[in-house]
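Worksheet for the structure shown next.
Excluded from the calculations below are hydrogen atoms, water molecules and symmetry mates; all remaining heavy atoms, backbone and side chain alike, are included.
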Amino acid sequence: MEARIPNPATVIPEALPAVLSVLKAAKKGGVPESTLELVHLRASQINGCAYCVDGGVKSAKKAGETDERLHAVAAWREAPYFTDAERAALALAECVTRLSDRPDPVPDDVWNEAAEHFDERQLSGLVLWIGLTNLFNRINVTTKQPAGAGW
């Protein structure tokens with residue numbers, strides 16, 4: 001696959017520092033890096049962003065994530081490899097990513113389960129992280145950025 005245009009953040013480089021600043025801030029929310037990596041991977045799978053799935057797997061492996069868990073992210077509900085906190089984060093990521101799938105996109109039970117495992121600062125970081133992942137997915141899918149490029 002060939003990209004329609006270069007990554008928009010390279011075409012309009014003034015956008016990149018702002019996005020990276022939010023990304024850096026989201027990481028300071030206190031959510032474990034491995035959880036953020038899993039959430040990024042799951043949202044990217046849902047959105048069909050091959051660029052982010054490829055890069056997300058590479059990033060997660062650098063952060064110490066195992067192949068076993070990475071292979072199971074798409075079926076996290078059925079796989080025994082995830083903690084309750086990770087499951088809550090993955091459920092939240094799926095709801096936030098699929099906003100148009102139901103009238104109440106992020107139901108209270110999903111939010112409340114996440115709130116049992118993460119404090120307000122962590123939830124804020126997680127929501128920002130999920131939002132940024134969706135931003136990256138939408139940019140890369142729209143412009144057809146090829147997997148393996150740029151990571």
Side-chain angles (χ1 to χ4, degrees), residues 1 4 7-9 15-16 18-148 150-151:
M1 176 183 358
R4 289 176 166 155
N7 187 301
L16 190 57
V19 173
L20 293 177
S21 179
V22 176
L23 186 69
K24 186 176 177 181
K27 285 185 173 185
K28 290 184 179 182
V31 176
E33 185 177 358
S34 61
T35 302
L36 294 176
E37 296 290 354
L38 295 172
V39 161
H40 172 79
L41 180 56
R42 184 64 190 128
S44 298
Q45 289 171 338
I46 291 167
N47 287 324
C49 183
Y51 181 92
C52 288
V53 168
D54 179 67
V57 167
K58 291 173 183 173
S59 181
K61 288 186 70 115
K62 283 183 186 175
E65 199 52 71
T66 66
D67 286 338
E68 186 174 56
R69 284 168 40 98
L70 293 172
H71 292 307
V73 168
W76 64 267
R77 285 180 180 83
E78 293 80 22
Y81 311 122
F82 306 101
T83 67
D84 289 343
E86 290 168 338
R87 291 175 187 283
L90 288 163
L92 183 62
E94 287 188 357
C95 288
V96 172
T97 300
R98 294 180 163 148
L99 292 176
S100 66
D101 284 1
R102 60 177 110 191
D104 183 14
V106 183
D108 288 341
D109 63 322
V110 171
W111 181 264
N112 293 339
E113 181 65 23
E116 285 187 30
H117 299 282
F118 302 101
D119 64 24
E120 192 171 87
R121 184 173 177 83
Q122 291 171 317
L123 284 168
S124 296
L126 196 52
V127 169
L128 287 168
W129 187 264
I130 296 164
L132 287 168
T133 295
N134 278 278
L135 171 66
F136 297 145
N137 293 164
R138 280 151 178 75
I139 290 169
N140 292 324
V141 170
T142 301
T143 61
K144 294 190 174 189
Q145 298 301 309
W151 280 84

Partners of Val19 by side chain to side chain contact (heavy atoms under 4.5 Å, CB included), sequence neighbours excluded? Leu132, Leu135, Phe136

side-chain hydrogen bond (donor to acceptor under 3.5 Å, both in side chains) with Thr35: which residues, sequence neighbours excluded? none

Please enumerate all residues that pass side-chain hydrogen bond (donor to acceptor under 3.5 Å, both in side chains) together with Thr143, with sequence neighbours excluded. Gln145

Arg69: partners by salt bridge (charged side-chain N to carboxylate O under 4.0 Å, His left out), with sequence neighbours left out: Glu65, Glu86

Name all residues meeting the side chain to side chain contact (heavy atoms under 4.5 Å, CB included) criterion together with Asp67; count only those two or more places apart in sequence or in a different chain, and write none if there are none. Lys61, His71

Looking at residues at least two apart in the chain, or sitting in another chain, which of them share a side chain to side chain contact (heavy atoms under 4.5 Å, CB included) with Arg102? Cys95, Pro107

With salt bridge (Lys or Arg N to Asp or Glu O under 4.0 Å) as the rule and sequence neighbours excluded, what pairs involving residues 25-39 come up? none

Residue pairs passing the side-chain hydrogen bond (donor to acceptor under 3.5 Å, both in side chains) test with at least one member in residues 103-116, sequence neighbours excluded, are Glu113-His117

Count the heavy atoms of every other residue, nucleotide or ligand shown that sit under 6.0 Å from CZ of Arg98, and state whether that count exceeds 12. yes

Run the side-chain contact (heavy atoms from CB on, under 4.5 Å) test on Val127 and Val96 for me, step by step, so that the C-alpha distance in whole Å, both residues' side-chain angles and the decisive distance to 0.1 Å come before the verdict. CA-CA 8 Å; Val127 169; Val96 172; 5.6 Å; no

Considering only residues two or more places apart or on different chains, which pairs with a residue in residues 130-139 satisfy side-chain hydrogen bond (donor to acceptor under 3.5 Å, both in side chains)? His40-Thr133, Ser44-Asn137, Asn47-Asn134, Asn47-Asn137, Thr97-Asn134, Asn134-Arg138

Mark yes or no for whether Arg87, through its side chain, and Phe82, through its backbone, hold a donor-acceptor pair below 3.5 Å. yes

Write down the atom of Ala114, the atom of Ala88, and the distance for their closest heavy-atom approach. CA-CB, 3.8 Å

Asp119 CG to Ser124 OG distance, which is reported to the nearest 0.5 Å: 8.5 Å

Mind checking what makes salt bridge (charged side-chain N to carboxylate O under 4.0 Å, His left out) contact with Glu94, not counting sequence neighbours? Arg42, Arg77

Show the nearest heavy-atom pair for residues Val57 and Leu41, with the distance to one decimal. CG2-CD1, 3.9 Å

Between Trp129 (side chain only) and Ala26 (backbone N and O only), is there a donor and an acceptor less than 3.5 Å apart? no

Just how far is it from atom CG of Leu92 to atom CD1 of Ile130, taken to the nearest 0.5 Å? 4.0 Å

Sequence neighbours left out, what passes side chain to side chain contact (heavy atoms under 4.5 Å, CB included) with Ala50? Give chain and number order. Ala147

Can you tell me how far the CG atom of Leu36 sits from the OG atom of Ser34, to the nearest 0.5 Å? 8.0 Å

